[in-house]
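So you know, we letter chains A, B, ... as the sequences are listed, proteins then strands, and number each from 1. Below, each value reflects all heavy atoms present in this structure, side chains not excepted, and no hydrogens, waters or symmetry copies. The structure presented is a predicted model; accordingly, all values stated were derived computationally and were not measured.
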Amino acid sequence: MMNRIDKKLKEEGKLLSIYFTAGYPSKDDTVDIIFKLQESGVDMIEIGLPFSDPLADGPTIQDSSSEAIKNGMNTNVLFNQLKGIRNKVSIPLIIMGYFNPILQYGVEDFCKKCNEIGIDGLIIPDLPMDYYEENYKSIFKKYEIYNMFLIAPQTSDERIKKIDSISDGFIYMVSSSSITGSKDSFSSEQLEYFERIEKMNLKTPRITGFGVANKKTFEAAVKFSKGAIIGSAFIKNLDSGGIESIDKFIKSIRD
Amino acid sequence: MMNRIDKKLKEEGKLLSIYFTAGYPSKDDTVDIIFKLQESGVDMIEIGLPFSDPLADGPTIQDSSSEAIKNGMNTNVLFNQLKGIRNKVSIPLIIMGYFNPILQYGVEDFCKKCNEIGIDGLIIPDLPMDYYEENYKSIFKKYEIYNMFLIAPQTSDERIKKIDSISDGFIYMVSSSSITGSKDSFSSEQLEYFERIEKMNLKTPRITGFGVANKKTFEAAVKFSKGAIIGSAFIKNLDSGGIESIDKFIKSIRD
Amino acid sequence: MKYTVDKKGFYGNYGGAFVPEMLFPNLDELEKNYNKIIGDKDFQNDYNNLLKDYVGRPTPLYFAERISEKYKCKIYLKREDLCHTGAHKINNTIGQILLAKRLGKKRIIAETGAGQHGVATATVCALAGIECVIYMGAVDIKRQAPNVARMKMLGASVVSAESGSKTLKDATNEAIRDWINNPVTTHYIIGSVVGPHPYPDMVAKFQSVISTEIRSQLLEKEGTESPNYLIANIGGGSNAAGLYYNYLEDHNVKIISVEAAGKGVESGKSAATSVLGKIGIIHGSKTLLMQTNDGQITEPYSISAGLDYPGVGPLHAHLLETKRAEFMSITDDDAMLAGLEISKLEGIIPAIETAHAFAAFNYLDFKSDDIIVVNFSGRGDKDLNTYIDYFNL
Amino acid sequence: MKYTVDKKGFYGNYGGAFVPEMLFPNLDELEKNYNKIIGDKDFQNDYNNLLKDYVGRPTPLYFAERISEKYKCKIYLKREDLCHTGAHKINNTIGQILLAKRLGKKRIIAETGAGQHGVATATVCALAGIECVIYMGAVDIKRQAPNVARMKMLGASVVSAESGSKTLKDATNEAIRDWINNPVTTHYIIGSVVGPHPYPDMVAKFQSVISTEIRSQLLEKEGTESPNYLIANIGGGSNAAGLYYNYLEDHNVKIISVEAAGKGVESGKSAATSVLGKIGIIHGSKTLLMQTNDGQITEPYSISAGLDYPGVGPLHAHLLETKRAEFMSITDDDAMLAGLEISKLEGIIPAIETAHAFAAFNYLDFKSDDIIVVNFSGRGDKDLNTYIDYFNL
Ligand SMILES: Cc1ncc(COP(=O)(O)O)c(C=O)c1O
Ligand SMILES: Cc1ncc(COP(=O)(O)O)c(C=O)c1O
């Protein structure tokens, strides 16, 4: 069976993926948020496993993460909440989290559990490619869990090619070196970077993340990639509008 | 004519000498205090020329000195106040002061002025004997101003002999190494020191100072010397009883 | 047994560079260049001249007669407190600023706990005329006020880290975020043997001057290069790494690493990583760290801002695992008393970090001819308020 | 011209021992013994070992590139700030404590202004295990709070002087009174080249290590032992005396002594003795001092507690009179700005005393190959509060 991520990437059109922090605003919102996202037409979901020290994230995701931990979210809780999710949700589900909680759970146990639940892949920003290849790749393969890697503006062509060769599903293209949260538009520097990558003709599709916040930036981002991920802006919208406003937010991006 | 100090020292009995700070409690009290002291039967008076940094004095004299300076007392003012004092006062008058104000006035001018007024001698605690001998002795002689030196418990016999040979009038015998103001009685150590000096059979009479406060300490002190000086205790009495109480205070010492 | 870093950046099971891709180019640049630059004659010349004329090295190895008498052994103090800015931290920042200049960097960032590393960084930035931003936890900004003032006098910006426990760990997160945001122009001067490879090795190399000096100083004083014991406090472990560096292969030299037990190892308020830590990832390094069962990093506690860190550098995790070093945990109370004792007996007020090492003497037995070298990592001026409050001075 | 003290304790017209008889035996004992003891091999051995291993000498002679560039000459800093306790003061207290021990003294007293001398004294008393009482003006206790805390940590009692301007002058009076009260057991460690003979000479000798070191350091760096200029700040004048000591007869070396002008020489709030002073007696010494016409000592003022003294040591009065030294007066404002500038350009925060010497550069013209040695008398840690308040940091 083809991985849901690959299948989704093969579809026509541009993909909208949403990141949210599990356990935020309330511990038990996780499943509800996933349902609402699927309903409103989102193509893919990154479920954030909160970490105490999210050093690649801006203040919005930091704050939601520490709230979520305070709310009682942790790896076991998340897996319990997601049990049975595949009865109702068909779009790709990805867990995005820092390496330490996964390491503590046990990488193999973690992958096995993901497989049981129907999680399609992981994004672990602080797990380096080489270390993954050497120590964990076979485990991921065994449990058919995709591992998506990041590229960033300073990533060398050589390294991008390597990532292209090892990434499952898609490459997470970090839009800028700024993690201070979402901005309103892309700079000319960023556009140059997008074009440079475009010209590399990678085999793996790209999804743009960081700094995608609204219709305008979404459309700019997907000019150079198969899709885009919205994180901070989605969480800010949750803060102001609550779960009820998810549909309206997604529609504001998509039309 | 014999110096009034020598004459006084030749008299029978023990001498009571009083130190007070000129210009304290009020600027113009100087002459009045001198009159009252003579009236009440004091034998000799040390008029303190106040100094900003009286480093050999305890807190009572320090405080009276800075008050006096604040009141406007200075060398010129003192000399003006004392002009004509000899019309009414016949007991020995000594100015006791630190060297710097005298140096600024000019040592020769100072001695000359003392002579004019009828001051009999000076006690300058921080003018060392050798320096005096070399630089100022002839000036003092010229104006017939006596210079009285101090001896203290740690002063060596050799040095005491030298002081004995150079002192005019009397030797100011510092009763103890404590300058923290008057005490109520003498220690056995102090008594030993008094006896040691007694046995030296000095040619110059001794007047005891420091720590003489009342009848008891006065009588103890004069067992080993020709007389004693009361300073801090007198000033404290001025503080509490005012100028009017001088007679009573002196009587309390003498009978 | 090997105690140096391997090609992949590991000390045995510990180390590596677990960082987001955004930082890979920076670390790669460092990794490829640091050994070459440090080995360069011109660099060595600049580095050694600054250590001598600016930092005031060599620092003395002082025979502490009165505490030796008290603890009935021969105690030598390696006087890092006499370094310019008052602690060993500057050995590293001098090295890194010279490196940063050679890499063409225009801006420096650093994290700081006690403020010593922040001051040492602000200092070398002033010297080099380079912009400097220091991240410091809000809690530490309060308890190490004099060092905050010093950084400002030196022209640095001090940015308050407001997340988590608002101490060193969080300041480090913020510094890493800044570096991610400014990957090209900026060099990040990490202040201890922590963080992703090559930092632990690089910082240890810059601090190794401590034990290089000791070998010749001890030879002069005792006729041997090797003491019986080395004792150092461990926050991240840089002063300890410098003290041990040239003795790691010398197995006659026993090593004692002293951590902060805070209010007690079991009190829930401590920084005793060697006891409470499990293997994990912190600040890009695989090492021992204090964490919950599900891998959230625990908020550490110590009265000493410089030891208030939930991990140790990977070298130290390795030394613990291989039993090359013995670890001890010292409480706030023990450390404070030791600080006062050293002040009164030797006339040297230690940093509270340093005081932890001295408190260990109460729990150790030495022979009367044992030679002990304690790393006197810093002076206590920055801690006066804490001492005053604690002892009601 | 002779710049050393004569047999009677005078430098030309200045000096001597104008003390009450009660202190004569103490000074006599010192006078008779100090040269013999200091010259003794055993003493020299102890003294030099402590200077090396405890104080951290030799202190570097640091070529300050960035301020040299700014002032277009070659500026070297003699880094007394790197001495243990943070200023030159300890050179003297180490010497005096060894002397006091050899004289069998059981108790030490000292005066302090900035607190540096108090800390340096408390330090050596801790080291020697001798009781220590420090007199400090009530005003200075407030503005130099960190140093008060340090003295207490070191086990000293700090006694507040409440008379007069409540600063250094008054603390000195109190110390002298204490000495009068305790003439046998107690040694008085005076902190500058002031007070009655033999203090000015004794303190200068202990501080002379500064210029002894400079001669050989400068030879190594510049091929000559003699700079073109020496610049030091002058409170009582001990750091200056140490800097000049081995150059006094070397008339090619120009000497610039920098005093505190406070709010301006003519403002009535200053400590510019060279301009405002007249010959007189202060603290047992005949020297220049600020005083009223009738000989009352004026209350001095400077933002810097260490320069807030109405006199100068007799050596300096002699150097002024004989034109061997040129004097300059620097205001609070100039000194504070210079302190900030040095911090930002060289990464060394100077004591405000030291900052006065740097402010002089704005009023001097040097040739580009002139070699200037500035005595960096102390570090600014004690002055952080003053800097913070002044600059609103
Ligand atoms: C004086 C002193 N000692 C020790 C430490 C702990 O750091 P490390 O373990 O890296 O030496 C610090 C940290 O700030 C410090 O300031
Ligand atoms: C750092 C520093 N410099 C200079 C001085 C002034 O003293 P002196 O003129 O004796 O060197 C002091 C006095 O406390 C001081 O602390």
Side-chain angles (χ1 to χ4, degrees), chain C residues 49-50 52-66 76-77 79 81-86 90 119-120 122-129 145-155 217 221 339-340 342-349 379-382 384-385 387-388 391 393, chain D residues 49-50 52-66 76-77 79 81-86 90 119-120 122-129 145-155 217 221 339-340 342-349 379-382 384-385 387-388 391 393:
Chain C
N49 280 341
L50 282 175
K52 176 165 173 276
D53 288 347
Y54 186 72
V55 174
R57 301 206 74 90
T59 59
L61 184 68
Y62 166 65
F63 177 65
E65 204 173 309
R66 298 187 72 206
Y76 282 91
L77 311 183
R79 296 290 303 279
D81 62 302
L82 292 178
C83 289
H84 179 45
T85 70
I90 198 163
V119 169
T123 295
V124 297
C125 288
L127 186 64
N147 275 343
V148 177
R150 291 166 85 196
M151 290 183 257
K152 290 181 180 172
M153 277 292 288
L154 293 161
Q217 289 171 323
K221 285 175 199 296
L340 189 62
I342 294 303
S343 303
K344 295 204 167 163
L345 284 180
E346 294 292 346
I348 315 173
I349 305 171
R379 55 173 142 96
D381 296 51
K382 69 184 179 60
L384 285 171
N385 288 337
Y387 277 126
I388 291 168
F391 289 113
L393 290 179
Chain D
N49 280 340
L50 282 175
K52 176 165 173 278
D53 288 346
Y54 186 71
V55 174
R57 303 206 71 91
T59 58
L61 184 68
Y62 166 66
F63 176 64
E65 204 172 308
R66 297 187 73 207
Y76 282 90
L77 311 182
R79 296 288 305 277
D81 62 303
L82 292 177
C83 289
H84 179 46
T85 70
I90 197 161
V119 169
T123 295
V124 297
C125 288
L127 185 65
N147 275 343
V148 176
R150 290 165 84 195
M151 290 183 256
K152 289 181 180 168
M153 276 293 289
L154 293 161
Q217 289 170 323
K221 285 174 199 293
L340 189 62
I342 294 304
S343 303
K344 295 203 168 165
L345 285 180
E346 295 292 347
I348 315 172
I349 305 172
R379 57 172 142 95
D381 296 51
K382 69 185 179 63
L384 285 172
N385 287 338
Y387 277 126
I388 291 168
F391 290 113
L393 290 178

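Within the 3.5 Å criterion, the main-chain N or O of G347(C) finds a donor-acceptor partner in the side chain of H84(D). A donor-acceptor pair under 3.5 Å is formed between the side chain of R66(C) and the backbone N or O of L345(C). A donor-acceptor pair under 3.5 Å links the side-chain atoms of Q217(D) to the main chain of T59(D), judged by distance alone. In this structure, Y54(C) contributes its side chain and E346(D) its backbone to a donor-acceptor pair below 3.5 Å.
Interface remark: V148(D) contributes no atoms to any contact with chain C (heavy atom separation under 4.5 Å). Using a 4.5 Å cut-off between heavy atoms, I348(C) touches chain D through backbone and side chain atoms alike. Contact annotation for I388(D): only side-chain heavy atoms (C-beta onward) come within less than 4.5 Å of a heavy atom of chain C. For chain C, the nearby parts of L393(D) are the backbone and the side chain; heavy atoms of each come within less than 4.5 Å. Residue contact with chain D, scored on non-hydrogen atoms closer than 4.5 Å, involves the side chain of L384(C) exclusively. For a residue to count as touching a neighbouring chain, one of its non-hydrogen atoms must lie under 4.5 Å from one of that chain's; by this rule D81(D) touches chain C with the side chain only.
Here D53(C) is the residue among L50(C), V55(C), L61(C), D53(C) with the most heavy-atom pairs under 4.5 Å with chain D. Interface check for chain D: of the options T123(C), V124(C), T85(C), L154(C), the most heavy-atom pairs under 4.5 Å are formed by L154(C). By number of non-hydrogen pairs under 4.5 angstrom with chain C, the leading residue of E65(D), K344(D), M153(D), K152(D) is M153(D). Looking only at heavy-atom pairs under 4.5 Å with chain D, the residue among L340(C), N49(C), N385(C), L127(C) that has the most is L127(C).
Under the salt bridge (charged side-chain N to carboxylate O under 4.0 Å, His left out) criterion, D381(C) pairs with R150(D), R379(D), sequence neighbours left out. Contacts of F63(D) classified as ring-ring contact (aromatic ring centres under 6.0 Å, His included), with partners at least two apart in sequence or in another chain: Y76(D).
Note that NZ of K52(C) and OH of Y62(D) are 13.0 Å apart. Values are rounded to the nearest 0.5 Å.
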